[in-house]
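What follows is one structure encoded as structure tokens, with my remarks underneath.
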Amino acid sequence: VSYSPEKNIGVVVVHNESGLIANELNGSISEIAYNMLTEQKATKLIDSHLKEMKENAEYVEKTKVEIAKKRDELRKRKNISLKLRSLLAGTYEHAEAGRITFKQADKGLYLSWGNLQSKVYPGKHEDELVLELRPGKFFDLKVSRDKPFITLKGWQFYKH
């Protein structure tokens, strides 16, 4: 959703695409719509974006390969210990960022944060875990073993 008050027009782009290409598509579609609404020729606009769209598609394919490599690397790491999985299992809260829940299943640990879901992967260090909260978006999670909290994206979530 965007609005140009100086031209008194707005554009809403709705589609079922998510992940890597969504933002690129939104930007290109919005720009074409704004230019069409200001009476520029549609064929010229679309032609000018074809190269950019091709570059976006190439970027997405390259990034998919990089994400697959990252996931493979994470899967090859030593499993999270049963002791740590048991210690983390439960619900954590942050007043502004909401509630995170860890559950054990299939010899692994899984996190849910609102509608976001992720398998929890071991980090490079003992007090670090890795999450993929959105496709290709990996986040480090710090574990405090002596205090009942975790740190994600700079927020401390305390065990409930």
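In this structure, the separation between CG on L152 and OH on Y92 is 12.5 Å, given to the nearest 0.5 Å. Here CD1 of I67 is found 6.0 Å from OG1 of T63. Values are rounded to the nearest 0.5 Å. Distance check: E93 CD to T101 OG1 gives 8.5 Å after rounding to the nearest 0.5 Å. Between the CG atom in L116 and the CG atom in L111 there is a gap of 8.5 Å [rounded to 0.5 Å]. With values rounded to the nearest 0.5 angstrom, L141 atom CG is found 9.0 Å from E128 atom CD.
Side-chain polar atoms of Y59 and E61 form no donor-acceptor pair below 3.5 angstrom.
The cluster map of Ile, Leu, Val, Met, Phe, Trp and Tyr, joined by side-chain heavy atoms under 4.5 Å apart, puts F102 and L87 in the same cluster. There is no path of hydrophobic side-chain contacts, each under 4.5 Å, that joins F138 to I150.
Under a 4.0 Å N-O distance rule, the pair E132/K137 does not qualify as a salt bridge. Salt-bridge check for K69 with E66: failed, with every basic side-chain N at 4.0 Å or more from each acidic carboxylate O.
Tested against E73 for a salt bridge (charged side-chain N to carboxylate O under 4.0 Å, His left out), the candidates R77, K76, R71 yield a single pass: R77.
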Output, in order, the C-alpha distance, side-chain angles, deciding distance and verdict of side-chain contact (heavy atoms from CB on, under 4.5 Å) for V130 and F139. CA-CA 6 Å; V130 179; F139 296 90; over 6 Å; no

side-chain contact (heavy atoms from CB on, under 4.5 Å), that's the test. Do D140 and L131 meet it? Break it down for me. CA-CA 6 Å; D140 291 333; L131 311 170; over 6 Å; no

Show your working on side-chain contact (heavy atoms from CB on, under 4.5 Å) between Q104 and L88 and close with a plain yes or no. CA-CA 9 Å; Q104 296 184 67; L88 285 171; over 6 Å; no

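Across every non-hydrogen atom of H94 and W155, the tightest pair is NE2-CD1, 3.5 Å. Across every non-hydrogen atom of L74 and P122, the tightest pair is CD2-O, 4.1 Å. Nearest approach of Y121 to R75, heavy atoms of both residues: CE2-CG, 4.1 Å. Annotation for R99 and W113: closest pair O-CD1, 3.4 Å, computed over non-hydrogen atoms.
With hydrogens and angles ignored, the 3.5 Å screen pairs no side-chain donor or acceptor of T151 with any backbone N or O of G154.
Taking the centre and axis of the six-membered ring of F149, the NZ or CZ atom of K159 falls outside the cone set by 45° and 6.0 Å. Geometric assessment of K119 against the ring of Y110 yields a positive cation-pi assignment under the 6.0 Å and 45° thresholds.
Counting non-hydrogen atoms of other residues, nucleotides and ligands closer than 6.0 Å to CD of Q117 gives a total above 12. Environment of NZ in K70: crowded, with over 12 heavy atoms of neighbouring residues, nucleotides or ligands closer than 6.0 Å.
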